[in-house]
Novice: 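The following block contains the structure, expressed as structure tokens.
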Amino acid sequence: MKKLAKEKETDGKARKRGRPKKAITRSVSLVVRITPTERLAIAGKARNAGMRISDWFRQSAKTAEIRPRLSKEETGHLRTLSGMANNLNQLTKLAHQGGLVSIMANLRSLLNEVERLMERMGRDDS
């Protein structure tokens with residue numbers, strides 16, 4: 001008789017117990033190695049936002065703006081500037097050896113080229 005009473009209560013369906021299954025589960029993990037200092041900084045930001053660290057990290061990763069380090073053109077400009085810095089060092093050494101007046105023309109042309117490159121790099125930022 002007890003079995004019949006239970007069956008009437010549930011209309012013949014088995015009762016599901018526990019928490020309902022989520023439609024989308026987070027089953028993949030991503031391991032990120034950080035320093036203890038970085039961990040403290042992240043934990044502080046998560047605490048200030050009222051979130052768990054994993055939720056804060058996930059949200060930050062979704063909304064982060066990714067900027068490339070340098071474009072190919074900017075890399076070329078930096079390489080050129082590096083070569084010019086080397087030339088300037090060589091000219092400084094020559095100035096110490098032979099006098100400043102002897103290398104004045106070379107310095108002026110080098111400075112003009114540096115200014116031109118800096119203007120081009122400034123335009124690229126806009």
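Treat the numbers as computed from the prediction; the structure is a model and nothing was measured.
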Novice: With rounding to the nearest 0.5 Å, note down the distance linking NZ in Lys21 to NZ in Lys16.
Specialist: 10.0 Å
Novice: Is it the case that atom CZ in Arg26 sees more than 12 heavy atoms from other parts of the structure closer than 6.0 Å?
Specialist: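 Count not over threshold, so no.
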Novice: To the closest 0.5 Å, what do you measure between CG (Leu70) and CZ (Arg79)?
Specialist: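 Those atoms lie 10.5 Å apart.
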Novice: What pairs with Met84 under side-chain contact (heavy atoms from CB on, under 4.5 Å), at least two apart in sequence or on another chain?
Specialist: Thr80, Leu81, Leu110, Glu113, Val114, Leu117
Novice: Could you check whether any side-chain heavy atom of Arg69 comes within less than 4.5 Å of a side-chain heavy atom of Thr75, counting everything from C-beta outward?
Specialist: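 Heavy-atom side-chain distance check fails, nothing below 4.5 Å.
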Novice: How long is the span from the CD1 atom in Ile53 to the CZ atom in Arg39, to the nearest 0.5 Å?
Specialist: 3.5 Å
Novice: Considering only residues two or more places apart or on different chains, which pairs with a residue in residues 54-64 satisfy side chain to side chain donor-acceptor pair (under 3.5 Å)?
Specialist: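 Sorted pair list: Arg52-Asp55, Asp55-Arg58.
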Novice: Can we say Glu65 and Arg67 salt-bridge, meaning some charged N sits less than 4.0 Å from an Asp/Glu carboxylate O?
Specialist: yes
Novice: For Val32, enumerate each residue passing the side-chain contact (heavy atoms from CB on, under 4.5 Å) test, keeping only those at least two apart in sequence or located in another chain.
Specialist: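 In terms of side-chain contact (heavy atoms from CB on, under 4.5 Å), with neighbours along the sequence ignored, Val32 is linked to Leu30, Ile34, Phe57.
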Novice: How long is the straight-line distance from CZ of Arg108 back to CG of Asn112, given to the nearest 0.5 Å?
Specialist: 8.5 Å
